[in-house]
**Student:** 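Would you mind keeping the following structure in view while I ask a few things?
In what follows, every heavy atom counts, from backbone to side chain, and hydrogens, waters and symmetry copies are set aside.
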Amino acid sequence: MTAPQITAKSWLMIATLGLTWGATFLVIEVALRGITPFWLAAGRIGFAAALMVVVWHLRGKPVFTSEARDWPGLVGVAALSSALPFSLLSWGQQYVTSGFAGVSMAAVALIVLPMAHVLVPGERMTLRKLAGFVIGFSGVVVLIGGQAFESSGSAMEPWGRLACLGTATCYAMSSIFMRRLPPADPIGLATMLLVFGAVLVIPVAWAVEGPPPLPPRETLLVVAGLGLIPTAAANILRVIVVRSAGPVFMSLVNYQVPIWSVVLGSLILSEPLPPSLLWALALILMGVMVSQWGALMRLFAGRRR
C-alpha cells in the first residue's frame with residue numbers, strides 16, 4: 001500500500017463530491033413524495049449498479065489487477081458504504097432532528113482520524129490534524145445552530161441517534177477498509193461495491209416496507225437521476241479519492257456537504273440563509289487548511305515550479 005498522494009485533482013474531486021452530495025438532499029425530498037425511504041435507497045443503488053455493470057463490461061477490465069484477491073473484504077466494504085448506512089439513516093431520521101443527523105455525518109471525519117492512524121500506513125494522527133478536524137467540525141455545528149442537539153421528543157430518539165452515529169461509523173470504516181483492498185481497477189471496484197450493495201439492501205427494503213411500489217413516472221426519473229449522479233458517478237470519484245489520497249482526505253467531504261445543502265436550499269428553494277453561514281464557512285475552511293497544511297504546501301510549491 002503506497003502513501004496517500006494528494007494532488008490538485010484530489011482537491012477538485014472532493015469539491016465535486018461535496019457539491020454533488022450537498023445537492024442530493026434536495027432531490028431526495030422530491031423523491032420521497034412518491035416512494036418509501038428504503039425502496040428509494042434500494043432503487044438508487046440498484047439503478048446505479050445496473051448502469052455501472054454496463055460501463056464495466058464495455059471497459060473489459062478485471063476488478064482486481066494483481067494476484068491478490070479479497071472478495072470477502074469487498075463485500076464488507078459494500079455493506080459498510082451503502083447498504084447498511086443507507087438503511088440505518090433512513091430508519092434513524094424518523095426519530096431525530098435533521099440537525100442531529102447533519103452533525104452525525106460531519107463526525108465521519110473525526111471517526112476516520114484515529115482509525116486511519118491504526119490501520120492505514122501514512123495516515124498518522126497528529127495534533128495539527130486533530131485540531132484541524134475539530135475546528136472544521138465546530139464550523140458544521142455553528143452552521144446547523146441550536147437544532148444540532150435539540151430533542152425530537154420521540155421515545156425512540158436515543159435509538160435514532162445511535163442509528164445516525166452508526167451510519168457515520170459505517171462510512172468511516174468503509175473508507176478505511178476500501179483503502180486496504182488489493183490493487184483494483186477503479187471502475188470495476190466501484191461497480192462491484194454497488195452490485196453487492198444492491199444485493200444486500202433490496203431484501204432489507206422488502207422486509208421492512210413490503211414488495212416494491214410502483215411510483216409515478218416523475219419519481220422514477222428522480223430515482224434514476226439519484227442513481228446516475230450522486231450514486232454511480234460519485235461512487236467512482238469516491239473510490240479514486242480513497243484509493244489515491246486516502247480516507248482522511250476523503251473525510252473532508254463531510255464538512256462541505258452541509259454548506260452546499262444550505263446554499264443550494266437558498267438558491268433553489270428560497271430558504272433563508274442562516275446568519276451563521278459566514279462564520280461556519282470560515283471555521284470549516286480554517287479546519288481544512290490546518291488539517292491539510294502539508295498537502296496544500298506541496299500543491300502550491302509544485303505550481304510555483
Side-chain angles (χ1 to χ4, degrees), residues 1-21 48 52 55-56 59 61-70 73-74 76-78 80-82 108-109 111-126 128-129 132-133 136 170-194 196-197 229-257 287-289 291-303 305:
M1 186 187 302
T2 59
Q5 301 296 318
I6 300 173
T7 65
K9 288 183 178 179
S10 305
W11 289 99
L12 179 60
M13 284 188 285
I14 65 162
T16 302
L17 285 170
L19 173 58
T20 300
W21 286 335
M52 288 299 299
V55 174
W56 180 40
R59 185 178 172 87
K61 290 191 175 183
V63 176
F64 294 109
T65 56
S66 70
E67 293 299 317
R69 303 283 191 273
D70 188 4
L74 196 152
V77 172
L80 291 169
S81 64
S82 59
V108 170
I111 298 171
V112 162
L113 199 57
M115 292 181 65
H117 175 81
V118 175
L119 298 171
V120 182
E123 294 276 29
R124 295 190 61 80
M125 181 170 63
T126 64
R128 175 179 54 76
K129 280 186 177 181
F133 281 102
C170 285
Y171 284 137
M173 292 174 65
S174 69
S175 291
I176 297 292
F177 294 131
M178 187 190 300
R179 173 72 178 166
R180 292 173 59 88
L181 288 173
D185 172 60
I187 302 296
L189 180 55
T191 299
M192 293 311 299
L193 288 175
L194 289 170
F196 287 131
I229 299 174
T231 309
N235 195 50
I236 294 172
L237 288 184
R238 179 173 182 254
V239 167
I240 294 172
V241 171
V242 170
R243 299 283 287 177
S244 60
V248 172
F249 184 77
M250 175 65 206
S251 68
L252 296 176
V253 171
N254 296 90
Y255 292 155
Q256 299 177 58
V257 169
V288 171
M289 184 180 71
S291 66
Q292 299 297 320
W293 182 257
L296 286 168
M297 290 301 98
R298 288 191 296 273
L299 175 63
F300 289 119
R303 285 189 173 183
R305 289 196 298 269

**Student:** Considering all heavy atoms of both residues, which atom of Y255 and which atom of A109 are nearest to each other, and what is their separation?
**Tutor:**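 In this case the closest contact between Y255 and A109 is OH-CB, 3.5 Å.
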**Student:** Surrounding CZ of R124 (heavy atoms of other residues, nucleotides or ligands, distance under 6.0 Å), is the total greater than 12?
**Tutor:**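 Not more than 12 within 6.0 Å, no.
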**Student:** Out of curiosity, I14 CD1 to L252 CG, how far, rounded to the nearest 0.5 Å?
**Tutor:**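 Separation between the atoms: 5.0 Å.
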**Student:** Using the rule given for side-chain contact (heavy atoms from CB on, under 4.5 Å), can you reason through M125 versus V248, listing the C-alpha separation, both sets of side-chain angles and the distance that settles it, and then say yes or no?
**Tutor:** CA-CA 10 Å; M125 181 170 63; V248 172; over 6 Å; no
**Student:** Where is the tightest heavy-atom contact between Q292 and I6, given as atom of each residue plus distance?
**Tutor:**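 Closest approach of Q292 to I6: OE1-CD1, 3.5 Å.
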**Student:** side-chain contact (heavy atoms from CB on, under 4.5 Å) between V112 and Y171: does it pass, once the steps are laid out?
**Tutor:** CA-CA 9 Å; V112 162; Y171 284 137; over 6 Å; no
**Student:** Test side-chain contact (heavy atoms from CB on, under 4.5 Å) on F196 and V77 and set out the steps.
**Tutor:** CA-CA 9 Å; F196 287 131; V77 172; over 6 Å; no
**Student:** Please check if the side chain of R179 supplies one atom and the backbone of V120 the other of a donor-acceptor pair under 3.5 Å.
**Tutor:**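 No, because the side chain of R179 does not come within donor-acceptor range (under 3.5 Å) of the backbone of V120.
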**Student:** To check you understand the geometry: which heavy-atom pair defines the closest contact between S175 and P247, and what is its length?
**Tutor:**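 Where S175 meets P247 most closely, the heavy atoms are CB-CB, 3.7 Å.
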**Student:** In Å and rounded to the nearest 0.5 Å, what is the CG to CG distance from N235 to L193?
**Tutor:** 6.0 Å
**Student:** Supply the atom-to-atom distance I176 CD1 to L80 CG, rounded to the nearest 0.5 angstrom.
**Tutor:** 11.5 Å
**Student:** Please report the closest heavy-atom contact between L181 and G73, naming both atoms and the distance.
**Tutor:** CD2-C, 3.9 Å
**Student:** Under 3.5 Å, is there a donor-acceptor pair between the S174 and R238 side chains?
**Tutor:** yes
**Student:** How long is the gap from CZ on R243 to CD on Q5, to the nearest 0.5 Å?
**Tutor:**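 Rounded to the nearest 0.5 Å, the CZ-CD separation comes to 14.0 Å.
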**Student:** Drop me the distance from L12's CG to L237's CG, to the nearest 0.5 angstrom.
**Tutor:**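 The distance works out to 8.5 Å.
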**Student:** Exactly one of L189, D185, L74 should register a side chain to side chain contact (heavy atoms under 4.5 Å, CB included) with F64. Which one does?
**Tutor:**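 By the side chain to side chain contact (heavy atoms under 4.5 Å, CB included) criterion, F64 pairs with just one of L189, D185, L74: L74.
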**Student:** Shortest non-hydrogen contact from D70 to P182?
**Tutor:** CB-CD, 3.7 Å
**Student:** Nearest 0.5 Å please: distance from the CE atom of M115 over to the CD atom of E123.
**Tutor:** 12.0 Å
**Student:** For A232 versus M52, what's the shortest heavy-atom pair and its separation?
**Tutor:**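 Between these two residues, the closest heavy atoms are CB-CG, 4.0 Å.
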**Student:** Treating T20 as the side-chain partner and L17 as the backbone partner, does any N or O pair qualify as donor plus acceptor under 3.5 Å?
**Tutor:** no
**Student:** Go through it in stages, so that I can follow the logic: the residues are V288 and W11, the test is side-chain contact (heavy atoms from CB on, under 4.5 Å), and I'd like the CA-CA distance, side-chain angles, deciding distance and then a yes or no.
**Tutor:** CA-CA 11 Å; V288 171; W11 289 99; 3.7 Å; yes
